[in-house]
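Heads up: the structure comes next, in structure tokens.
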Amino acid sequence: MNGDTLYSIGELARRTGLPVRTIRFYSDIGVVPPTDRTSAGYRLYDIDALARLDLVRTLRDLGIDLATARRVLDHEVTVAEVATAHADALDAQIRTLRVHRAVLRAVASRGSSPKELELMHKLAQLSAEERRRIIDDFVTEAFGGLDANPELVDLVRMATPDLPEDPSPAQVDAWVELVELCRDPDFRAAVRRMAEYQARERARDPEPGSRLHHELVNVVVAKVRAAIEDAVDPLSAQAGPILDSIVDDFATDFGRTPDADFRRWMIERFEVAADPRVDRYWRLLATINSSPVQPELAPVFGWLITALRS
């Protein structure tokens, strides 16, 4: 193109592929003003106008609004600044779309009702801070005002569900179920009873040491699971030596005598902790956070309590 040549709207339309009415609109609002006019009043444009038109078309194709495109053309902002801001906005839109997709797939797989769909959509769109607040409210109601095990309280409080930017339907399902569980008054009351039991235990034993007993729990769980896998009936004589070994492990760790009173104490301790919903709580968290999901503890607790009672 010759830099001194002027072109009509029709010629610009043929060169750019844009409709004449679109170019006329851009011209009317001042985004691509005419360079001159013919004696009959028809608009004419030079090569700079064509360059502006090409840039406007590119920006609009990328989803940038006309007001922002005009600011770029008028050198109020740079293309790089606009590109950065728009890319950030697209990232947010993509995250939202991914959540929408996961919600829809979860709804399709479980055959949810319209009410469940609305609930899943609202919960899945909560921010990380809002998700943390749900857990904080649950922990405060369950453990607030009690001298429960601080290690356990910190563990529960720090275990915040971290829904990924591109969640799977299973993670959306787990998140919805976790929120419903944390808001369930009966579950909150059950966890509160566990906290009250811990507080009583700490009052009885002011020097509790490491009362999470990770190593002890792991050893006991391994022994009971092995018994279950070997189909050992907790009421059978074969269960006796296994149970004696577990009781001895506990008595040693707690500095107690493994007598009948101690076994009754163990029954109470495991019955308080045996609510399967607590187990479910940790499994849901693991699913949401893409952490390893541990085997269920409910069968372990059930076997051990039955054996102790016999």
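Remember, predicted model here, so these are calculated numbers, not experimental data.
- Remark: R269 is not positioned above the aromatic ring of Y197, lacking an NZ or CZ atom under 6.0 angstrom from the ring centre and at most 45 degrees off the axis.
- Here the shortest heavy-atom pairing between L181 and F187 reads O-CD2, 3.2 Å.
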Check your understanding: Could you go step by step and tell me if F270 and F250 meet the ring-ring contact (aromatic ring centres under 6.0 Å, His included) rule?
Key -> CA-CA 12 Å; F270 278 102; F250 262 86; 5.4 Å; yes
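- K223 has its side chain within reach of D249: a pair of non-hydrogen atoms, C-beta onward, lies under 4.5 Å apart.
- Side-chain N/O atoms of S245 and D248 include no donor and acceptor closer than 3.5 Å.
- Ion pair R283/E177 not flagged as a salt bridge, since none of the NZ, NE, NH1 or NH2 atoms sits closer than 4.0 Å to an Asp/Glu carboxylate oxygen.
- Under a 3.5 Å cut-off, the side chain of R43 and the backbone N or O of I9 do not form any donor-acceptor pair.
- T35 and Y7 form no side-chain donor-acceptor contact under 3.5 Å, judged by distance and modelled atom types alone.
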**Study point:** Stepwise salt bridge (charged side-chain N to carboxylate O under 4.0 Å, His left out) check, E81 with R71
**Key:** CA-CA 11 Å; E81 290 171 335; R71 293 181 64 203; over 6 Å; no
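- Contact check on R57 versus D54 returns a salt bridge, with a Lys/Arg side-chain nitrogen under 4.0 Å from an Asp/Glu carboxylate oxygen.
- At a threshold of 4.0 Å, the pair E268-R264 does not count as salt-bridged, since none of the basic side-chain nitrogens sits closer than that to a carboxylate oxygen.
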Check your understanding: Are F138 and F143 close enough, and set up right, to give a ring-ring contact (aromatic ring centres under 6.0 Å, His included), and what steps lead you there?
Key -> CA-CA 9 Å; F138 163 68; F143 296 96; 7.4 Å; no
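- Counting non-hydrogen atoms of neighbouring residues, nucleotides and ligands closer than 6.0 angstrom, the CD atom of Q238 reaches no more than 12 such neighbours.
- Without hydrogens or angle criteria, D230 side chain to V232 main chain gives no donor-acceptor distance under 3.5 Å.
- The OG1 atom of T38 sits 6.0 Å away from the CG atom of L44 when rounded to the nearest 0.5 Å.
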